[in-house]
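Every heavy atom of this structure was used, including side-chain atoms; hydrogens, water molecules and symmetry mates were not. Numbered from 1 within each chain, the chains take letters A, B, ... in sequence-line order.
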Amino acid sequence: MRLHDFKPLFLGCRHSALISQIHAVMVSSGLLSHGNSISQLISSYAKAGDLESAHKLFDKIPLRRVDSWNAMIIAYSKSECPVEVVNVYNQMVLEGVKPDSSTFTVALKACMILQDLEKGEEIWEKVVECGYENDVFVGSSVLNMYAKCGNMDKAIVVFEKMQRRDIVCWTTMITGFVQSGKGKEAVDLYRWMQREGMVGDGVVMLGLMQASANIADTKLGLSVHGYMIRRALPMDVNMLTSLVDMYAKNGELEIATRVFRKMPYRNTVSWSALISGFAQNGLAVDALQLLIEMQVSGFTPDVASLVSALLACSHVVSLKLGRSIHGYVARKVIMDQVLSTALIDMYAKCGLISCARSLYDHMSSKDLICWNTIIACYGIHGHGREALTLFQQMKHKIEPDHATFAALLSALSHSGLVEEGRHWFDVMVNEYKIKPSEKHYACLVDLLARAGEVEEAKELIISMETKPGLAVWVALLSGCHKHKKLLIGELAANRVLELIPENAGTYVLVANFFAAAKMWDEAAVVRKVMKKAGMKKVPGYSGVEVNGRHHAFLMGDTSHPQYEQIIRLLCNLENEMKAMGYVPKTEFVLQNLEEEVKVKMLCNHSERLAIAFGLLNTTPGTRLLITKNLRVCGDCHEVTKFISVIVKREIIVRDVKRFHHFKDGICSCGDYW
DNA sequence: TTAGGGTTAG
């Protein structure tokens, strides 16, 4: 038998036992001394999953040439054993064997997987020493190693020095920038690539699609789509899924849906991409409908689609659906950390913080995001102390990041824990060396200003290294409004106007501040600006889930079939409340109307309609969960306290910022919000 | 014989 007679045998062979037989024949016919055949045998053992035999054979070779080393290294790489890849590489260098292109490529990939930048750089030195720095395979591997280890600065240095760059090198850099959140740099690099006369392929387009979503540039996405059609690039399921994802992330749900509907064969990921698109854009009902359609079409929802669906449940407070997803997940035994965290978030956002907590307590291991989530959940429920306790436990187990402190500071701010806020902001900067972001500043400014410490809040804003944005000035202004601090308030109001807010509510705050300060001209100017920009106050909207169905109420909505009953109940309640000492707070009606009309308007507030509907359609004692798209109105807040006493019910209101738990005439926020 | 790619919680 000659050597090449074995080739077809190797190619088709997937069983370790068979390979051993071939191995034996080769030994007896004296062919194993041939280097190529040994490498092939090693690869065959590896392909059959028998790395032990592969390594045993490797150990027996008296004079190991580079092919044998490579066969072993590639075998470990294919079996996803990066540690072993590096070990064999080390041994090879130690024995004085000169690595080649394949060795370096695979070894660098292993460092990338291990996120071992130090070892990767050591290998790169060896690459230069052996004269392989101009090899495009090795080059793109080192670029990828730097990129995936989060070091684009070093990647670009290597890239600029490269003498030859093929399409893979360019792609590596483009996707590297995209995945480190630098979409603009990715697009710039693509333009450079075009100037060099390179033609982008499908993988480059995938990178650009992600860049488009990254920098919210729909036009870029559309041009990528057009390019793919013009050049007739193959549109496989991955390509089309990426298009769906790109359009969805850019908020173009109609186009995303159109691409999705036209797909000849969809997979689980395509479904997930669109479901998450709907959920992220607040189109919760569409997201949940699509999840059902996905199952009807014979697809089993995976973690990604379930997580997105849970996010949608939180949006519309669909506790019933959220619970059924929980049940599904538990039955199918697909619970993992991501899903558990999403469930915790869902229960908390649906008002059931205790359910969230018990799920959290039962988790065997908790990652950073899980801790951040539970801290944030306690924050929005106004349990600042509990959030702080959890944070204290967390910091012994896992290193907190910027998001942890954002969640903690916001929790402290919801609970008015001023001293703690100052302290932990300080700890974040000085001990954890985390540079405070706009969000961190906004939380602390909010906390200080609401407590009346507007001077300190102003100084904090002035101390910011970056230009203060809208969030901090708005926080300062609302504190000044509350405490009637006119001088600093005026400063804040002017800064807010300079930054040209897009939110009508912000203008209303500025106008109200000027009005309260009797600066009528300024107030009028603000109202005029609003009118000119065509801005209208967002209409108040509340929702309540009754028997698993979501019912929505707009302010003053008379069209509801039960409207008569709702109003009658509200009138009866009002009479009882008045007997208990309630006086309507008509200052919350910000229009110039007769007192009597104002009172009537308060009665038509959407949260009141939702509460009354909930009371009418649930059995006595049932807890109600109300959602509101704006902050809860001050008068409704009083009214809900009274109602909780009269009807002996727990009423939970989730407004746009936080939760209010009303029970026995008291709100969990302690009237501080 | 070795390099680049899609969805997912705060």
Novice: Could you state the atom-to-atom distance from NE2 of His440(A) to P of dG10(B) in whole Å?
Specialist: 16 Å
Novice: Side chain of Ala273(A): nearest nucleotide among dA3(B), dG5(B), dT7(B)?
Specialist: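 The listed nucleotide nearest to Ala273(A)'s side chain is dT7(B).
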Novice: As a quick check of understanding, evaluate salt bridge (Lys or Arg N to Asp or Glu O under 4.0 Å) for Glu133(A) and Lys161(A), giving each step before the final call.
Specialist: CA-CA 10 Å; Glu133(A) 74 267 37; Lys161(A) 277 194 201 149; over 6 Å; no
Novice: According to a strict under-4.0 Å criterion, is Gln210(A) in side-chain N/O contact with OP1 or OP2 of dG6(B)?
Specialist: yes
Novice: Does Thr171(A) get its side chain close enough to the base of dG4(B), under 3.5 Å, for a donor-acceptor pair?
Specialist: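 Such a pair exists between side chain and base.
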Novice: Do Phe104(A) and Trp124(A) have their ring centres less than 6.0 Å from each other?
Specialist: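 No, ring centres 6.0 Å or more apart.
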Novice: Over how many whole Å does the gap from Asp166(A) atom CG to dT2(B) atom C1' extend?
Specialist: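 Taking CG of Asp166(A) and C1' of dT2(B), I get 12 Å after rounding.
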Novice: Grab the CD1-P distance between Ile344(A) and dT8(B) for me, whole Å please.
Specialist: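 So the two atoms are 20 Å apart, to the nearest Å.
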Novice: Go through dG4(B), dT2(B), dA9(B) for me and flag the one nearest to the Val307(A) side chain.
Specialist: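 Taking heavy atoms from C-beta onward, the closest nucleotide is dA9(B).
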Novice: Between dA3(B) and Ser140(A), counting only base atoms on the nucleotide and side-chain atoms on the residue, is there a donor-acceptor pair under 3.5 Å?
Specialist: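 A donor-acceptor contact between them is present.
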Novice: At under 4.0 Å, does any side-chain N or O of Asn144(A) touch on OP1 or OP2 of dG4(B)?
Specialist: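 So the side chain of Asn144(A) is within the cut-off, an N or O lying under 4.0 Å from OP1 or OP2 of dG4(B).
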Novice: Could you tell me how far apart Asn214(A) (CG) and dG6(B) (P) are, to the nearest whole angstrom?
Specialist: 12 Å
Novice: In whole angstrom, what separates Asp135(A)'s CG from dA3(B)'s P?
Specialist: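 About 12 Å, once rounded to whole Å.
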Novice: Take the angle between the ring planes of Trp271(A) and Phe299(A) and call it parallel below 30°, perpendicular above 60°, tilted in between.
Specialist: tilted
Novice: Give a yes/no answer on whether the side chain of Thr373(A) brings an N or O atom under 4.0 Å of OP1 or OP2 in dA9(B).
Specialist: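 False: Thr373(A) side-chain N/O out of range (4.0 Å or more) of dA9(B) OP1/OP2.
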Novice: Hey, does the side-chain of Asp401(A) have a donor or acceptor N/O within less than 3.5 Å of a partner on the base of dG10(B)?
Specialist: yes
Novice: Checking only heavy atoms, does the side chain of Ser101(A) share a donor-acceptor pair with the base of dT2(B) at less than 3.5 Å?
Specialist: yes
Novice: Report the nucleotide, chosen from dG6(B), dG10(B), dG4(B), that has the shortest atom-to-atom distance to any side-chain atom of Val203(A).
Specialist: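 Nearest to the side-chain atoms of Val203(A), counting from C-beta on, is dG4(B).
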Novice: Ala342(A) side chain: which of dT7(B), dG5(B), dA9(B) is closest?
Specialist: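 Output: dA9(B).
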Novice: Indicate whether OP1 or OP2 belonging to dA9(B) is found under 4.0 Å from a side-chain N or O atom of Gln280(A).
Specialist: yes
Novice: Taking the basic N atoms (NZ, or NE/NH1/NH2) and the acidic carboxylate oxygens, is any pair closer than 4.0 Å for Arg261(A) and Glu293(A)?
Specialist: yes
Novice: How long is the line joining CG of Leu409(A) and C1' of dG10(B), in whole Å?
Specialist: 14 Å
Novice: Using the side-chain heavy atoms of Leu206(A), tell me which of these nucleotides is nearest: dA3(B), dG10(B), dG5(B).
Specialist: dG5(B)
Novice: Confirm from the modelled atom types if Asp201(A) and dG4(B) form a donor-acceptor pair under 3.5 Å, side chain to base only.
Specialist: yes
Novice: Establish, with yes or no, whether the OP1 or OP2 oxygen of dT7(B) is under 4.0 angstrom from a side-chain nitrogen or oxygen of Lys249(A).
Specialist: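 Lys249(A) to dT7(B) OP1/OP2: side-chain N or O found under 4.0 Å.
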Novice: Indicate whether OP1 or OP2 belonging to dG6(B) is found under 4.0 Å from a side-chain N or O atom of Gln179(A).
Specialist: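 Answer is yes, contact under 4.0 Å.
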Novice: Identify which one of Met263(A), Met205(A), Met209(A) satisfies the side-chain contact (heavy atoms from CB on, under 4.5 Å) criterion when paired with Leu243(A).
Specialist: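 Of the listed residues Met263(A), Met205(A), Met209(A), the side-chain contact (heavy atoms from CB on, under 4.5 Å) partner of Leu243(A) is Met209(A).
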Novice: Without decimals, in angstroms, what is the distance between Asp100(A) CG and dT2(B) C1'?
Specialist: 8 Å
Novice: For Asp67(A) and dT2(B), what is the distance between atoms CG and C1' respectively, to the nearest whole Å?
Specialist: 13 Å
Novice: Would you call the rings of Tyr247(A) and His225(A) parallel, tilted or perpendicular if under 30° counts as parallel and over 60° as perpendicular?
Specialist: tilted
Novice: What's the closest nucleotide to the Val204(A) side chain, out of dT7(B), dG4(B), dG10(B)?
Specialist: dG4(B)
Novice: Does a side-chain N or O of Lys78(A) approach OP1 or OP2 of dT1(B) to a distance below 4.0 Å, or not?
Specialist: no
Novice: Lys148(A) side chain N/O closer than 4.0 Å to the phosphate oxygens (OP1, OP2) of dG5(B)?
Specialist: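 Affirmative; the distance criterion is met.
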Novice: Measure across Cys169(A) and Ser140(A) and return the closest heavy-atom pair with its distance rounded to 0.1 Å.
Specialist: SG-CB, 3.9 Å
